[in-house]
2 protein chains.
Amino acid sequence: MSVTTLHRPAHRDALALVETAFEEGRMVTAFGRCTVDYDGRASSDLGPGDRLVVCKPDGTVLVHTDENRNPVNWQPPGCTHHAGVRDGRLRIRSVRSSPSERLDVSFRQLEQVTAYEVEDRSDLTLTGSEEDLRTRILDDPSSVEPGFRPTATERETAAGPVDIFGDDADGRPMVVELKRRRVGPSAAGQLRRYVEAVDEEFPGEDVRGILVAPSVTDRAAALLTEQDLEFVPLSPPDGGEDGSVTHD
Amino acid sequence: MSVTTLHRPAHRDALALVETAFEEGRMVTAFGRCTVDYDGRASSDLGPGDRLVVCKPDGTVLVHTDENRNPVNWQPPGCTHHAGVRDGRLRIRSVRSSPSERLDVSFRQLEQVTAYEVEDRSDLTLTGSEEDLRTRILDDPSSVEPGFRPTATERETAAGPVDIFGDDADGRPMVVELKRRRVGPSAAGQLRRYVEAVDEEFPGEDVRGILVAPSVTDRAAALLTEQDLEFVPLSPPDGGEDGSVTHD
DNA sequence: TGTTCTATTTCGATT
DNA sequence: AATCGAAGTAGAACA
């Protein structure tokens with residue numbers, strides 16, 4: 001059977017299901033009134049409330065409330081789950097070492113416990129990352145400007161590594177900074193520091209700084225103009241259509 | 001009733017439960033064989049597999065496999081959930097604008113659907129953050145060094161805001177950078193830039209730079225010494241015991 | 001294993 | 001709403 005559920009179980013029955021699921025590598029969810037206690041890299045306490053607890057066979061634990069994308073408490077993959085009953089509470093404990101961390105969930109009342117058999121071989125294919133944008137430009141440098149010739153990626157400078165380094169049609173050095181989404185003033189400052197650093201290396205020449213991103217904020221655009229930096233609107237392939245239209 | 005569960009439901013019945021739950025602000029989980037499609041800030045596709053889908057009343061959607069701490073796909077709070085049946089599939093769609101994002105989950109077979117009523121008024125109390133470290137130092141400046149007198153937090157400089165600014169027992173300006181955990185070379189660089197910026201402001205005086213953290217890497221320690229910067233081993237209160245012992 | 005960097009980062013605070 | 005920085009960041013790539 002792929003899914004086994006107990007509704008308002010006695011702790012004893014819930015414990016049997018959970019322990020078996022842990023042993024057999026099944027995923028478990030538990031929902032009910034509980035308290036949570038964490039100690040490790042930091043330390044936290046959570047008073048009684050209704051939460052959904054997910055225990056994965058890879059050692060992950062998630063404690064979710066009805067709000068927010070992130071769990072209110074959790075344990076990363078690689079932990080070891082334990083379950084027990086004490087003082088009329090069902091307790092789920094997850095532990096790891098290096099760094100030493102411990103998560104305790106104590107259920108006063110269990111509304112539901114479920115064990116799942118999971119089969120999933122599919123891999124996620126994600127497009128629209130900065131890596132995709134870099135690939136797109138290296139495949140077709142003219143998408144930045146005709147005559148652009150990339151010579152290096154992640155080129156080291158005094159201000160840190162530059163995304164793409166190269167020359168323009170006239171042989172002037174070009175520093176290209178990539179951002180996969182709409183950028184603010186900080187990206188302009190970053191590019192400025194790169195250009196200044198590369199300027200030091202090429203005393204005679206006039207180094208160009210180009211920011212490649214789907215779009216920029218008004219303030220960032222002003223900063224770029226102010227500092228003689230350039231902006232090329234370009235999105236990663238497929239995703240990131242927010243670059244085609246800039247609302248403001 | 002606090003929890004309602006359907007086991008291997010017909011899509012029609014599942015749809016009724018899910019739509020009601022969305023309307024009444026209940027949390028929903030669905031488990032079964034599904035495909036997932038996302039388009040927005042990036043773009044992704046996920047082939048058929050067994051996943052646990054969580055829809056929260058605040059607009060969050062999580063798609064979890066049996067591995068990893070993070071969901072394989074998700075939608076942040078503030079989205080709107082919709083459900084429907086088409087081509088013999090139960091579809092759950094979550095949408096938001098600004099930025100425009102869409103997540104589609106299509107169930108070929110549903111093993112289980114559950115709607116939860118969640119009550120949770122408890123707040124998480126967390127200790128061991130950088131904020132706690134700052135509080136600890138402001139409460140007892142001598143924990144950095146005897147005679148240290150903080151005069152400002154988040155003090156602006158040309159290189160950005162400094163965590164804590166003050167004077168030492170001899171009246172020399174002190175720039176204090178806080179890190180809640182073991183730090184690498186980047187923190188040394190950051191501190192150096194702050195000290196250089198403050199040095200400009202106090203031409204006659206010799207500005208001191210102090211990095212406060214549980215511990216440092218070897219390379220970072222070398223950089224600090226090289227640049228006449230100082231390190232004070234100090235952890236946030238309670239959590240972060242890894243600072244008391246530095247292994248290497 | 002430790003270090004460094006990216007992220008559909010998320011999240012909160014502040015302007 | 002835009003911006004900035006911390007996070008028990010997580011996760012991957014690399015030495």
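Below, chains carry the letters A, B, ... as their sequence lines are ordered, and counting in each starts from 1. Just so you know, these numbers use all the heavy atoms, side chains as well, and skip hydrogens, waters and symmetry mates.
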Taking the minimum atom-to-atom distance to the side chain of [X], which one of [options] wins?
{"X": "A:L126", "options": "C:dT8, C:dT3, D:dG8", "value": "C:dT8"}
{"X": "B:P161", "options": "D:dG5, C:dT8, C:dT3", "value": "D:dG5"}
{"X": "B:R219", "options": "D:dG8, C:dT8, C:dT3", "value": "C:dT3"}

I need the [atom1]-[atom2] distance between [X] and [N], as an integer number of Å.
{"X": "B:E131", "N": "C:dC11", "atom1": "CD", "atom2": "C1'", "result": "15 Å"}
{"X": "B:R134", "N": "D:dG5", "atom1": "CZ", "atom2": "P", "result": "12 Å"}
{"X": "A:N73", "N": "D:dG8", "atom1": "CG", "atom2": "P", "result": "10 Å"}

Exercise. Would you say the side-chain atoms of A:K56 pair up with the backbone N or O of B:N68, donor to acceptor, closer than 3.5 Å?
Worked result: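 Yes; judged by distance alone, with no hydrogens or angles, the pair exists.
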For this session: State whether the side chain of A:R180 and the backbone N or O of B:R41 hold a donor-acceptor pair below 3.5 Å, judged by distance alone.
Result: yes
Problem set entry | Within-4.5 Å side-chain heavy-atom neighbours: B:V216 and B:L211 |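 In short, these two side chains touch, coming nearer than 4.5 Å.
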Exercise. Quick one: does A:I210's side chain get under 4.5 Å of A:E177's, heavy atoms only?
Worked result: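 Heavy-atom side-chain distance check fails, nothing below 4.5 Å.
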For this session: Specify the residue among B:V72 and B:P77 whose closest nucleotide of DNA chain C lies further upstream toward the 5′ end.
Result: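 Counting from the 5' end, the first nearest nucleotide belongs to B:V72.
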Problem set entry | Pairwise 5' ranking along DNA chain C for B:L103 and B:P185, keeping only the more 5' one |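 Per heavy-atom nearest nucleotide, the more 5' residue is B:P185.
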Seminar exercise, completed: The single option from A:R102, A:R91, A:R93 that satisfies salt bridge (charged side-chain N to carboxylate O under 4.0 Å, His left out) with A:D37 is A:R102
Taking the same atom, [atom1], in [N] and in [M], what whole-Å distance lies between them?
{"N": "C:dT14", "M": "D:dG8", "atom1": "C1'", "value": "24 Å"}
{"N": "D:dA10", "M": "D:dA6", "atom1": "C1'", "value": "14 Å"}
{"N": "C:dT4", "M": "C:dT8", "atom1": "P", "value": "22 Å"}

Exercise. Taking only residues at least two apart or on different chains, which pairs with a member in residues 33-84 of chain A satisfy ring-ring contact (aromatic ring centres under 6.0 Å, His included)?
Worked result: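 As it turns out, the ring-ring contact (aromatic ring centres under 6.0 Å, His included) pairs with a partner in residues 33-84 of chain A, which skip direct neighbours, are A:F22-A:H81.
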Phosphate OP1/OP2 of [N]: any [X] side-chain N/O under 4.0 Å:
{"X": "B:R41", "N": "C:dA7", "value": "no"}
{"X": "B:S43", "N": "C:dT8", "value": "no"}
{"X": "A:W74", "N": "D:dA10", "value": "yes"}

Exercise. Which residues in residues 45-70 of chain B have at least one heavy atom lying under 4.0 Å from any atom of DNA chain C?
Worked result: none
Exercise. How would you label the contact of A:S44 with the nucleic acid (heavy atoms, under 4.0 Å): base, sugar-phosphate, or nothing?
Worked result: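 Nothing, no nucleic acid heavy atom in range.
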Exercise. Distance under 6.0 Å and angle within 45° of the ring axis: does A:R89 meet both against A:F107?
Worked result: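 Geometry flag: not set, cation outside 6.0 Å or 45°.
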Exercise. Of A:G184 and A:Y38, whose nearest nucleotide on DNA chain D comes first from the 5' end?
Worked result: A:G184
